[in-house]
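Labels below follow one simple rule: chain letters A, B, ... track the order of the sequence lines, proteins then strands, and each chain is numbered from 1. Values below: all heavy atoms of this structure, side chains included; hydrogens, waters and symmetry mates excluded.
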Amino acid sequence: MSYLNQIRVRFAPSPTGYLHVGGLRTALYNYLFARKNGGVFVLRIEDTDRARYVEGAVENLIVTLKWCGLDYDEGPQLGGNYGSYIQSERLEIYKKHIQILIELKKAYYCFCTPERITELRDSQQKVNQQTKYDKLCLHLTQNEIEEKLKNNLPHVVRLNIEIDKKVIVEDIIRGKVEFDSNLLDDQVLLKGDGYPTYHLANVIDDHLMKISHVIRGEEWLPSTPKHVLLYDAFGWEKPVFAHLPLLLNPDKSKLSKRQGDVAVEDYRSKGYLSESLVNFVALLGWNPGIEQEIFSLDELVELFSIDAVNKAGAVFNIEKLNAFNFEHLRKKDDREVLRILKDLLTKSKYSNHSLADDTLLLIIEAMRPRISFVKDIIENSPYFFEPPESYDQEVIKKRWEEDTPNYLRTLAEEYSRLNTPSKDDYEKALHKAAETCGVGNGKLIHSLRLALSGVGGGPGLYDILFILGKEESIKRIYTAIERIK
RNA sequence: GGCGCUAUCGUCUAACGGUUUAGGACGCUGCCCUCUCAAGGCGGUAAUACGGGUUCGAUUCCCGUUAGCGCUACCA
């Protein structure tokens, strides 16, 4: 009877300072798998590399995960029955287990200096051999080992890989993958500083934390046979493996910093909605087989199936992410967009604007089909927050004629007679002014737009008038007459 | 170099041997709508890497070639 019948998965990042989008995808698939199957989602921090530790990284990771909506059931700050969930706090556990391995002769002390290892590797490389430790220290006698240990000689502990063995990795996504043990290196399990390597720590923790499914990136596939050997050495039941396809740069290499943003935090600060990022990343390597593409996190949980995950890597395509953001922004509640907009305004040069929420809501309504980001409201239509600083030359050339000032004056006079006008009133008054001038509406419409906004495009003209209000609109008309040409 | 993984439009993908003139989305693009810019509606563009098998029939199964990627640390 398996003791892994309760579904328990984990996301096990190392605290390097930020959450990589590839990491987000891995975390998301783990989360979706757990939620879909009534399992438990564990967060575990793999901080066994002291050199790479970044202050505050764990806290940041948790904040970012939370922003994405991925709440974990056990982990740092939350606790659980299998803690600690931070590997640097589990050193004694690893030491205890490494002793078992040594007694079993599945692992052995190695006193070789880093220099010797480097030399060995170099010489192997020179003759195009695979690089591998030569098991020199495996042949030390018990006395020699004890002597060296007594003298506190620096050492590591290595996995003793058996020769001539076929190691099979069973993977949900890729099927059976076979490795020849003769090609596997005697991996360091316990480092000179007493910390375990990933290989040792992840196997021990996954076992102790009763992880049933290891869902992680494909870059781990080549080292999985070592993990399998470790499970076998301990006599432990193996979890089910699922190696996810990689997220790729446009040039198809593994997604990296050099070719754009990779931190979830970067996308967050650029104004992407977490829903968009999560939705987009979910569809990189998986899809539910229906034509719908826009999903909430809950819908993803409902639809998710680990069996449907693809094998091939997927390019992280910003253009499509932007389209997802457009879609999610359209679906977002008015009040939430308002909250975001007000927050952005506070940080902008319009921080002392005096627009009421109702007016901002009108602006949001007018701009929503024209933007992919909330910040675009401020960037694309600054005229809602301040009078135009300049007027688009192209539009002037095309729409501003000799008689335009006269038409606009007539229009302004018409508008000044209005009393708390509606959009409709603005339109009717414009028609009337055009008639008075004996010209088509178009002669007024385009030049009026230019006078009000300084540009040639944007929301409906009467929407702009209504949002700006009568006084401001008239003021802008006269200003434009003065300033243009 | 060795080992491993992968291979459908430019990109993300659908097709779980036959319902396929290979479907959708993004991008690009044409038309319509229209006070502009968008949005929206209706179209268009563009793919099974190559070669062998298996089969009555291969995008789908097998083998090889090629290409891409990953791993090859006392990093994860």
Checklist entry - Is it true that the NZ or CZ of A:Lys443 lies under 6.0 Å from the centre of A:Tyr407's six-membered ring and within 45 degrees of the ring axis? => result no

Item to check | Assigned partner base of B:rC33, Watson-Crick or wobble definition, under 3.5 Å | outcome: none

Next on the checklist: Pairing check on B:rC74: which nucleotide meets the Watson-Crick or G-U wobble criteria with it, both distances under 3.5 Å?
Outcome noted: none

Item to check | Smallest separation among heavy atoms of A:Asn322 and A:Tyr272, with atom names | outcome: OD1-OH, 2.5 Å

Checklist outcome for this item: Picking from B:rC35, B:rC75, B:rC37, the nucleotide nearest the side-chain atoms of A:Tyr462 would be B:rC35

Contacts under 3.5 Å, N or O only, protein and nucleotides 69-72 of chain B:
residue	atom	partner	partner atom	Å
B:rG70	OP1	A:Lys254	N	3.2
B:rC71	OP1	A:Lys254	NZ	2.8
B:rU72	O2'	A:Thr131	OG1	3.2

Checklist entry - Roughly how many Å is it from NE2 in A:His328 to C1' in B:rA25, rounded to a whole number? => result 13 Å

Item to check | Side chain of A:Gln130 (C-beta onward), nearest among B:rG24, B:rC75, B:rG1 | outcome: B:rG1

Item to check | Shortest side-chain distance from A:Gln187, nucleotide among B:rC75, B:rG24, B:rA73 | outcome: B:rA73

Checklist entry - RNA chain B: A:Ala308 or A:Gly458, which has the more 5' nearest nucleotide? => result A:Ala308

Checklist entry - If you check the A:Asn317 side chain, which of B:rC12, B:rA76, B:rU11 turns out closest? => result B:rU11

Checklist entry - Do A:Lys331 and A:Glu275 sit within salt-bridge range, that is, some charged N less than 4.0 Å from a carboxylate O? => result no

Checklist entry - Do the side chain of A:Arg174 and the base of B:rC5 come within less than 3.5 angstrom through a donor-acceptor pair of N or O atoms? => result no

Next on the checklist: Tell me the closest heavy-atom pair linking A:Pro225 and A:Leu221, and the distance in Å.
Outcome noted: CD-O, 3.4 Å

Checklist entry - Could you give the OH-to-C1' distance, from A:Tyr108 to B:rC74, as a whole number of Å? => result 13 Å

Checklist entry - Just checking A:Gly289: base, sugar-phosphate only, or nothing, at a heavy-atom cut-off of under 4.0 Å? => result nothing

Checklist entry - Taking atom C1' in both B:rA47 and B:rU11, what distance in whole Å separates the two? => result 12 Å

Item to check | Residue closer to the 5' end of RNA chain B, A:Ala312 versus A:Ala323 (nearest nucleotide) | outcome: A:Ala312

Checklist entry - Does A:Asn380 make a side-chain N or O approach to OP1 or OP2 of B:rC37 shorter than 4.0 Å? => result no

Next on the checklist: Below 30° counts as parallel, above 60° as perpendicular, anything between as tilted: where do the rings of A:Phe241 and A:Tyr231 land?
Outcome noted: perpendicular

Could you list, one pair per line, each protein nitrogen or oxygen that sits under 3.5 Å from a nitrogen or oxygen of nucleotides 42-49 of chain B, together with the distance?
none

Item to check | Counterpart base for B:rA49, defined by Watson-Crick or G-U wobble contacts under 3.5 Å | outcome: B:rU65

Checklist entry - Can you tell me how far C1' of B:rA25 sits from CG of A:Asn322, to the nearest Å? => result 15 Å

Item to check | Salt-bridge contact A:Asp232-A:Lys106 (side-chain N to carboxylate O under 4.0 Å) | outcome: no

Next on the checklist: Starting the side chain at C-beta, find the nucleotide from B:rC35, B:rC26, B:rG40 nearest to A:Glu319.
Outcome noted: B:rC26

Checklist entry - Using 30° and 60° as the class limits, which term best fits the ring planes of A:His227 and A:His199: parallel, tilted or perpendicular? => result tilted

Checklist entry - Does the distance from a Lys or Arg side-chain N to an Asp or Glu carboxylate O, for A:Lys135 and A:Asp186, drop under 4.0 Å? => result yes

Next on the checklist: Side chain of A:Ser14, heavy atoms from C-beta onward: which of B:rG40, B:rC3, B:rA76 has the nearest atom to it?
Outcome noted: B:rA76

Item to check | Counter-base of B:rU54, judged by Watson-Crick or G-U geometry with both distances under 3.5 Å | outcome: none

Checklist outcome for this item: The nucleotide from B:rA25, B:rC5, B:rC3 with an atom nearest the side chain of A:Leu183 is B:rC3

Checklist entry - Is it true that a side-chain atom of A:Tyr195 and a backbone atom of A:Ser88 form a donor plus acceptor pair closer than 3.5 Å? => result no

Item to check | Identity of whatever pairs with B:rA25 - Watson-Crick or G-U, under 3.5 angstrom | outcome: B:rU11

Next on the checklist: Tell me whether the side-chain N or O atoms of A:Lys311 pair up with the base of B:rA7 as donor and acceptor below 3.5 Å, since no angle test is needed here.
Outcome noted: no

Next on the checklist: Taking 4.0 Å as the cut-off, does a side-chain nitrogen or oxygen of A:Thr48 come that near to OP1 or OP2 on B:rA76?
Outcome noted: yes

Next on the checklist: Tell me whether A:Lys96 is salt-bridged to A:Glu92, with the criterion being a basic N under 4.0 Å from an acidic carboxylate O.
Outcome noted: no

Checklist entry - Are the charged groups of A:Asp392 and A:Arg449 less than 4.0 angstrom apart, N to O? => result no

Checklist entry - Among the nucleotides B:rC74, B:rC26, B:rC12, which one has an atom lying closest to any side-chain atom of A:Ala314? => result B:rC12

Checklist outcome for this item: In whole angstroms, the gap separating P of B:rU13 from CG of A:Asn310 amounts to 5 Å

Next on the checklist: What's A:Pro225 touching, base or sugar-phosphate or nothing? Going by heavy atoms closer than 4.0 Å.
Outcome noted: nothing

Item to check | Same-atom distance (P) from B:rG53 to B:rG70, integer angstrom | outcome: 35 Å

